[in-house]
Each structure stands twice: as structure tokens, then as C-alpha cells.
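Please read these numbers as outputs of a predicted model, since none were measured by experiment. Note that these values count all heavy atoms, side chains included, but never hydrogens, waters or copies made by symmetry. First the proteins, then the strands, lettered A, B, ... as listed; each starts at 1.
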Amino acid sequence: MQYWLVKSEPDECGIDDFLHSPKTSIPWDGVRNFQARNFLKQMGLGDAVILYHSSCRHIGISGQLQVTRTAYDDPLQFQLDSPYFDAKSTLERPRWVAVDMVYTHKFTTLVPLATLKLQPALSECYLLTHKRLSVMPLTFTEFTLMQKLGGLTH
DNA sequence: GCCAACGTTGGC
DNA sequence: GCCAACGTTGGC
């Protein structure tokens with residue numbers, strides 16, 4: 001079992017998009033950064049994922065997802081009309097992968113970035129040390145603290 | 001293989 | 001809308 005955090009603009013795909021189709025797996029595609037892609041490839045079935053809302057009015061972590069399909073070739077890289085088309089990808093040598101995720105929990109409150117920055121236990125986490133990365137691992141400690149801040153208890 | 005220019009992310 | 005950070009590209 002591994003723990004991850006992914007970023008998305010809620011206008012594109014936020015926690016409510018997952019909440020509104022709670023049993024439907026949604027492709028996490030369009031990742032076009034090599035470090036982020038490499039983390040996507042490491043995701044395992046059933047891994048837990050924190051969703052972060054970026055570039056929006058309320059920046060912060062919003063809920064929890066689960067991996068339902070591990071890495072497969074991102075079809076968008078082959079679609080000419082997609083903004084995620086990549087001329088350097090071929091069917092023989094695709095460059096980019098997607099995974100599928102499903103809704104598991106929405107936090108009782110969105111935890112703002114400012115709150116996360118105040119946590120000493122999160123000072124070393126990828127979210128705060130690698131500003132522009134959109135897919136990243138979390139330690140178990142970081143993950144459970146984020147869950148707790150989000151109002152989820154088990 | 002270096003590194004300057006360029007483009008994108010994402011907070012503010 | 002600005003701009004810092006930083007990943008990527010391409011000339012040499």
C-alpha cells in the first residue's frame with residue numbers, strides 16, 4: 001500500500017466531479033512531466049491518493065481517491081486534436097501513461113495550502129519542496145496527517 | 001554535454 | 001495579471 005498526492009484544477013477535475021459519480025473510475029490522464037509520469041507508473045491497485053486543488057479560489061487538499069487501474073498508455077498522446085497530443089509518442093514507444101481512480105472520501109473541510117505549510121510534519125513533503133510537481137508520493141505519516149486535517153478519522 | 005532561451009506551473 | 005521556480009528544448 002502506497003500513498004500519493006495528485007494536483008488538479010477543480011474546474012477541470014475536482015473532488016466534486018468524483019463525488020458526483022462515486023462508483024465510476026475516472027482516467028487520470030494528460031500528465032506531461034517525466035517525474036510525475038514516473039510516479040504514476042509506480043502506483044499500485046488500491047493505493048490511496050489525496051486530491052489537491054490548484055490554481056483556483058480555494059487552494060488545498062479536498063479529498064481522497066483510490067487507484068483502480070494501474071498505468072496504461074495515455075490515449076490522449078495519440079489524439080491529434082487533443083491538447084495532450086505528443087508528436088514524439090509512437091504506438092511502439094509511447095511516452096505517457098494514465099491511471100484510473102475512483103472516489104473514496106471528500107474531506108469535511110478543504111484544508112488550505114496555508115494550513116499545510118504550518119505543519120512541521122509536512123515541511124519535507126513533496127508538495128512543499130517540489131512546487132511544480134503534479135503527482136507525488138506521500139509518507140504514511142504525511143498521508144494520515146492530511147486525512148486528519150481533512151476531518152476523516154478511522 | 002553544457003547552458004541560454006523558452007514555456008509552463010501555480011501561488012499570490 | 002504578475003512573476004518566481006524550474007523543467008524542457010535546441011544550438012553549439
Side-chain angles (χ1 to χ4, degrees), chain A residues 2-20 26-43 47-67 70-139 141-152:
Chain A
Q2 302 169 94
Y3 304 93
W4 307 94
L5 182 147
V6 297
K7 293 179 181 173
S8 174
E9 300 186 14
D11 288 350
E12 297 291 325
C13 188
I15 194 66
D16 288 332
D17 295 294
F18 281 94
L19 174 60
H20 291 147
I26 296 180
W28 203 262
D29 50 22
V31 170
R32 294 294 179 269
N33 168 282
F34 291 106
Q35 194 178 5
R37 180 204 65 184
N38 293 342
F39 286 136
L40 275 185
K41 286 184 175 180
Q42 292 174 31
M43 287 185 177
D47 281 1
V49 183
I50 300 271
L51 180 63
Y52 175 90
H53 289 179
S54 66
S55 300
C56 59
R57 190 179 184 90
H58 300 292
I59 295 164
I61 50 174
S62 60
Q64 193 178 319
L65 312 171
Q66 189 175 48
V67 177
T70 56
Y72 58 96
D73 294 344
D74 181 350
L76 301 181
Q77 69 193 309
F78 306 119
Q79 291 175 18
L80 268 170
D81 59 347
S82 168
Y84 300 109
F85 173 75
D86 185 345
K88 291 180 179 169
S89 286
T90 62
L91 287 169
E92 296 73 29
R93 282 177 168 260
R95 303 177 98 200
W96 307 110
V97 299
V99 301
D100 288 354
M101 298 195 207
V102 72
Y103 173 85
T104 55
H105 305 281
K106 181 175 178 173
F107 289 164
T108 56
T109 54
L110 182 133
V111 184
L113 177 60
T115 302
L116 301 175
K117 286 181 176 173
L118 289 173
Q119 307 297 319
L122 295 178
S123 62
E124 306 288 310
C125 82
Y126 266 91
L127 181 67
L128 302 181
T129 59
H130 293 68
K131 281 180 57 173
R132 298 179 52 211
L133 190 60
S134 65
V135 178
M136 64 199 77
L138 297 174
T139 66
T141 306
E142 291 163 352
F143 177 81
T144 51
L145 174 57
M146 288 185 182
Q147 270 190 326
K148 190 178 156 199
L149 292 169
L152 300 184

So the side-chain hydrogen bond (donor to acceptor under 3.5 Å, both in side chains) pairs with at least one residue in residues 49-63 of chain A (sequence neighbours excluded) are A:His53-A:Ser62
Quick note, side-chain hydrogen bond (donor to acceptor under 3.5 Å, both in side chains) partners involving residues 107-134 of chain A, not counting sequence neighbours, are none
A:Asp73 meets the salt bridge (Lys or Arg N to Asp or Glu O under 4.0 Å) criterion, sequence neighbours left out, with none
Taken in chain and number order and not counting sequence neighbours, the residues that satisfy salt bridge (Lys or Arg N to Asp or Glu O under 4.0 Å) with A:Lys106 are A:Asp16
Would you please name every residue forming a side-chain contact (heavy atoms from CB on, under 4.5 Å) with [X], sequence neighbours left out?
X        : result
A:Asn33  : A:Gln35, A:Ala36, A:Leu133
A:Thr104 : A:Gln64, A:Gln66
A:Val97  : A:Arg37, A:Leu40, A:Lys41, A:Ala71
A:Gln42  : A:Trp4, A:Phe39

Can you pull every protein N or O that's under 3.5 Å from an N or O on nucleotides 5-9 of chain B?
from  : atom 1 : to       : atom 2 : distance (Å)
B:dG7 : N2     : A:Arg132 : NH2    : 3.4
B:dT8 : O2     : A:Arg132 : NH2    : 2.7

Separation of C:dA4 atom C1' from A:Leu128 atom CG, nearest Å, is 17 Å
Within residues 109-127 of chain A, the residues having a heavy atom closer than 4.0 Å to DNA chain B are A:Leu113, A:Lys117
The side-chain hydrogen bond (donor to acceptor under 3.5 Å, both in side chains) partners of A:Asp100 (sequence neighbours excluded) come to A:Tyr72
Residues in residues 30-40 of chain A with a heavy atom under 4.0 Å of DNA chain C, by number, are A:Asn33, A:Phe34
- request: May I ask you to test the A:Glu142-A:Tyr3 pair for a side-chain heavy-atom distance under 4.5 Å?
  value: no
